[in-house]
Amino acid sequence: MKTDLSKKSIPGYNFAGIEEKWQQRWGEAQLYRAPDKPSADNNFYMLVMYAYPSGDIHMGHFRNYIIGDAVARQQMMLGKEVLHPFGWDAFGLPAERAAIKHDTHPQVWTKQNIGVSRKTLQKVGVSFDWSREVDSSDPSYYKWTQWMFLQLFNKGLAYQKTGWVNWDPVDKTVLANEQVKDGIAERSGAQVEKKELVGWYFRITDYADRLVDDLDTLPEWPDNVKTIQREWIGRSHGLEVDFVIEETGKKLPIYTTRPDTIYGVTFMAISPEAEILKSLNLDSEYTAKVAEYQKKAATRTDIERASLSEDKDGVFTGKYAINPYNGERVQLWVADYVLAGYGTGAVMAVPAHDTRDFAFAKKYGIPIRVVIHPDKNTTLDVDTMEDAFTDYGPMINSAQFDGLTGEKALDCVSEYAEQKNIGRRKVNYKLKDWSISRQRYWGCPIPIIHCDKCGLVPVPESELPVVLPRVESYHPKGRSPLADVPEFMNVKCPKCGGEAQRDPDTMDTFVCSSWYYLRYIDALNDKAPFDKEKAAAWMPIDLYVGGITHATGHLIYFRFFHKFLHDLGWVSTAEPVKKLFNHGMVSDADGEVMSKSKGNVVSPIALCDERGVDISRLGMFFTAPSEKPVQWSDDALSGVEKFIVNKLYPIISDYRGTGPDLKCYFKSGSLPEAEWSLYIKLNQTIKRVSESFERLQFNTAIAALMELVRDYNPEVIKSDELNDQVVLKTIQMVAPLAPHLAEEMWQLAGFEQSVFKSTWPVHDPDAVIGETINIAVQVNGKLRDTVAVAVDADQAVVEQAAEASEKVAKHTEGKQIIKKIYVPGRLLSIVVKS
RNA sequence: GCGAGAGUGGCGGAAUUGGCAGACGCGCUGGAUUUAGGAUCCAGUUCCGAGAGGAGUGGGGGUUCGAAUCCCCCCUUUCGCACCA
């Protein structure tokens, strides 16, 4: 791929040589090395999600990282001190699985992959500061993950409990709710089972309110992510009402968001897993039936339960509960449409005003009582109702509350409960505490010691890290492989010195990724996870680029960690990230997600070897705006390849060597027309490209550069200064997108310093509009002609020009002109009466 | 089912706030050069029409001098949530 540049002694475009040369020089010059402690107001923290080292990076990573790279490089040119680090999310199940498959050790496998992936990233010229690289599976890192755990433990935010968990029967481990979708484990694809198990949890629910409320302080986060997080946290305001079990007088609290329907309760329903069920003392004729039902419910997965939503079933317990509002006695049922983990695990059932309760009541012939009407003049008839009426409306059949509606009704009914001490207002969340125990080997050990005498004892900070022992066998057995390693398990209790045992579980890898962005700031610190002052200077992250898949997982977890660290005084900001950007996914030409099993993976490294890094980058940028999904096809490269090889690179041979002052603007009238219009084109391009960068829409930036290069014709340019400004500023604008090429051209132009040390061009505000402009002329809203007028022409001049147009006259002749609307610089709209 | 977004040429996509729809690129057509063309250059390329002209941003209605852009209804599609009481 040589270009003939015979007119001057400029070598052809040899991308391989250029890439190698500059990657080496940039490395030597430590171009990407971020200052240890930046000035507080002139820094930019550019973060991309760190990578799971599975083999090599793929096109999705490539896209993600070149977006971040373009921003980082432009920020350098804007004079910012830039932190652009990278690292490895190195613990986790896939490493274990792959290691088992290849009969190697997870650590070996992981380190190998890190080596390969790092090399690829360096090869594609991403401007990471590798001196800050982190590896979450390295003791120097996970020492501090354990430290984080201990901080949470000390504040009572890390705790152990027995609970119903999501059990992955394939990977044989517990999963967090965030790792299960539609009852299917995200990683293994297995149907998740319910299991009652002891495990560690983080009390993220303590932060639920702040996690919701502070979303309002993030204007630069995409709305969809904020909405997803709000719904995931699922805050609702309601009332907890104490119903009473008739026989025993024991309280049976339920949670409702519709206190205004409380007089419509005709039965109660309890989840088969609910604790209260055990204390009911069922009569013998019901015990077996209920037990059988519980058993059946336990074998059903969540999806099965949900898919049966049309057909609700349950069993009567033989017991009754009393509604504290009206003293009514209602049947108590067990039904698996009631979730054990939400509210109190029991609900008041109002068939007339809840679809689920309605279906259930219909099935079992339970009475339905209407207590809300759509409005004052419409009444509902129980006999003809086909579905529940779930909207708000005036209360009826509700004693003293009759006539109240909506907000007011909720208020009064709640108020009454609190006065009579039969209930209390309550806020509930769908968000559950974060389950972090994993019964697997390849993870961060939990720094807790179990002592018969002292209970749960944290490992003293001075003894961190608790090192993950190197073991031969780590096959999943359903309990942690570490439990079978006595050298690891058996320790002395740090408190009493007696025999004690370590915790055999390892942590969810999302714990590791909840604070990695802070470690980058001070990656080599062995006295603390990071230095507070350095963090205060760099934080918050100015831009975080990643895929949307993390909206309910990582992006909630790490906000939680950050807030916790904020409370401890370790970080100065309440939120970690100022601007979040989700790039679109990369799929193959048929729209299929690229995966090894499908064999449709396009390797960025192969692409870059074949076509060159800069062409590959430009191809990816040009094919779609960054937020949209891309169906990758090599066809996307042909346009940008021609542009680079035939158009852009050769302009360096037109450089005349004046070394112009790039800050110097030309004055209107100082250049002949052709040159002035090129000067305007240059400045329009600078403006468009700069704006495109702000929106991360590199496709339009490239389009603008293509236009500029197309319009650039050195033969008609007499001013060497202008000519050279165009050449140099074009190189600068293309530099963040095609760094090697730009750097090479910059050097050929005679510069000794890197183009990334040069200053990003600023458009001349007096030169973005030409001397004459075209004004559109509409008649009755239809475009009839355009007229060219001087840029400073007033309405009268434009009207005159419009009148002179035959095309316009054709539509206005003999008609009465009602009005004329003039939009300065854009159009003239003439309204006529026909 | 609920919620949010999207729908523009053969294709990827442009069009800050309502103001010349289709920038830029791919593909395609014609031409030039060439032994050759999967190279390069020039011209053309939304649709209908020979032309004048007309239609046109998923479909239908509306607001406006003017709508891809705002409002209402419908269709399609992507994503999220999915018994949360």
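Only a predicted model underlies this, so the values are computations on that prediction, with no experimental measurement involved. Here is how names work: the chains are called A, B, and so on, in the same order as the sequence lines, proteins then strands, and each is numbered from 1. Just so it is clear, the values below take in all heavy atoms, side chains as well, and ignore hydrogens, waters and symmetry mates.
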Quickly work out the [X] [atom1] to [N] [atom2] distance and round it to whole Å.
X	N	atom1	atom2	answer
A:Leu708	B:G25	CG	P	13 Å
A:Ile556	B:G80	CD1	P	14 Å
A:Ile228	B:A82	CD1	C1'	14 Å
A:Arg826	B:U69	CZ	C1'	13 Å
A:His550	B:G80	NE2	C1'	16 Å
A:Met706	B:C26	CE	C1'	10 Å
A:Tyr342	B:A82	OH	P	13 Å
A:Trp632	B:G25	CH2	P	17 Å

With sequence neighbours excluded, residues passing ring-ring contact (aromatic ring centres under 6.0 Å, His included) with A:Tyr201: A:Tyr159
Among residues at least two apart in sequence or on other chains, which ones pass ring-ring contact (aromatic ring centres under 6.0 Å, His included) with A:Phe698? A:Phe621, A:Phe693
Using the [atom1] atom as the reference point in each nucleotide, state the distance between [N] and [M] in Å, no decimals.
N	M	atom1	value
B:G25	B:U40	P	14 Å
B:C48	B:G10	P	10 Å
B:U64	B:G13	C1'	29 Å
B:A21	B:U57	P	12 Å
B:G12	B:G61	P	28 Å
B:G37	B:A32	C1'	14 Å
B:G1	B:G54	C1'	45 Å
B:U16	B:C26	C1'	27 Å

Provide the closest heavy-atom pair for A:Ala269 versus A:Val338 in the form atom of the first, atom of the second, distance. CB-CG2, 3.7 Å
Considering non-hydrogen atoms only, spot the tightest contact between A:Val334 and A:Pro272 and give its length. CG1-CA, 3.7 Å
For RNA chain B, whose closest nucleotide is more 5', that of A:Glu707 or that of A:Tyr429? A:Glu707
Please compare A:Leu783 and A:Thr552 by the position of their nearest nucleotide in RNA chain B and report the one closer to 5'.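 The 5'-side residue here is A:Leu783.
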Name all stems that contain residues of RNA chain B, defined as runs of 3 or more consecutive Watson-Crick or G-U wobble pairs, both distances under 3.5 Å.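 As far as RNA chain B goes, consecutive pairing (with distances under 3.5 Å) yields the stems B:1-7 with B:75-81, B:10-12 with B:24-26, B:27-32 with B:40-45, B:46-48 with B:53-55, B:58-62 with B:70-74.
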Between the base of B:C81 and the side chain of A:Lys430, is there a donor-acceptor distance below 3.5 Å? no
Of all pairs that satisfy salt bridge (charged side-chain N to carboxylate O under 4.0 Å, His left out), the ones with a partner from residues 817-832 of chain A, not counting sequence neighbours: A:Glu799-A:Lys820, A:Glu803-A:Lys820
Qualifying salt bridge (charged side-chain N to carboxylate O under 4.0 Å, His left out) pairs with a residue from residues 225-235 of chain A, counting only residues at least two apart or across chains: A:Asp209-A:Arg235, A:Asp213-A:Arg235, A:Asp216-A:Arg230, A:Asp223-A:Lys226
Partners meeting side-chain contact (heavy atoms from CB on, under 4.5 Å) with [X] (sequence neighbours left out):
X	answer
A:Asn582	A:Pro222, A:Val225, A:Ile548, A:Leu580
A:Ser616	A:Phe62, A:Leu607, A:Cys608, A:Arg611
A:His811	A:Val779, A:Arg784
A:Lys687	A:Glu691, A:His763, A:Val768

Can you tabulate the close N/O pairs, meaning under 3.5 Å, that link protein atoms to atoms of nucleotides 38-41 of chain B?
{"residue": "B:U40", "atom": "OP1", "partner": "A:Asn646", "partner atom": "ND2", "Å": "3.2"}
{"residue": "B:C41", "atom": "OP1", "partner": "A:Lys647", "partner atom": "NZ", "Å": "3.3"}

Sub-3.5 Å pairs of nitrogen or oxygen atoms, protein against nucleotides 61-66 of chain B:
{"residue": "B:C65", "atom": "O2", "partner": "A:Ser829", "partner atom": "OG", "Å": "2.6"}

Is there a side-chain contact between A:Tyr337 and the phosphate of B:A85, meaning an N or O under 4.0 Å from OP1 or OP2?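 For B:A85, neither OP1 nor OP2 has a side-chain N or O of A:Tyr337 closer than 4.0 Å.
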Nucleotide by nucleotide, nucleotides 3-16 of chain B touches protein heavy atoms under 4.0 Å in the pattern (B base, S sugar-phosphate only, - none) S--------BSSSB
Students often mix this up, so state it plainly: with edges at 30° and 60°, are the rings of A:Tyr13 and A:Tyr649 parallel, tilted or perpendicular?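 Ring orientation, 0 to 90° scale: tilted.
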Can you tell me how the ring of A:His353 sits relative to the ring of A:Phe389, calling it parallel under 30°, perpendicular over 60° and tilted otherwise?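 Geometry flag for A:Phe389 against A:His353: perpendicular rings.
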Anti or syn, where syn is a glycosidic angle within 90° of 0; which label fits B:G9? syn
Scan [X] against the nucleic acid and name what it touches under 4.0 Å (heavy atoms): base, sugar-phosphate only, or nothing.
X	answer
A:Ser633	nothing
A:Arg235	nothing
A:Asn774	base

Please indicate whether A:Lys807 has more than 12 foreign heavy atoms, meaning atoms of other residues, nucleotides or ligands, lying under 6.0 Å from its NZ.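 It does not: A:Lys807 NZ has 12 such atoms or fewer within range.
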Does CD1 in A:Ile818 sit with more than 12 non-hydrogen atoms of other residues, nucleotides or ligands closer than 6.0 Å? yes
From CA spacing to verdict: ring pair (Phe, Tyr, Trp, His ring centres under 6.0 Å), A:Tyr429, A:Tyr342: CA-CA 8 Å; A:Tyr429 307 89; A:Tyr342 184 79; 9.4 Å; no
For A:Glu240 and A:Arg425: C-alpha separation, side-chain torsions, deciding distance, then whether salt bridge (Lys or Arg N to Asp or Glu O under 4.0 Å) applies. CA-CA 6 Å; A:Glu240 197 171 270; A:Arg425 275 176 242 247; over 6 Å; no
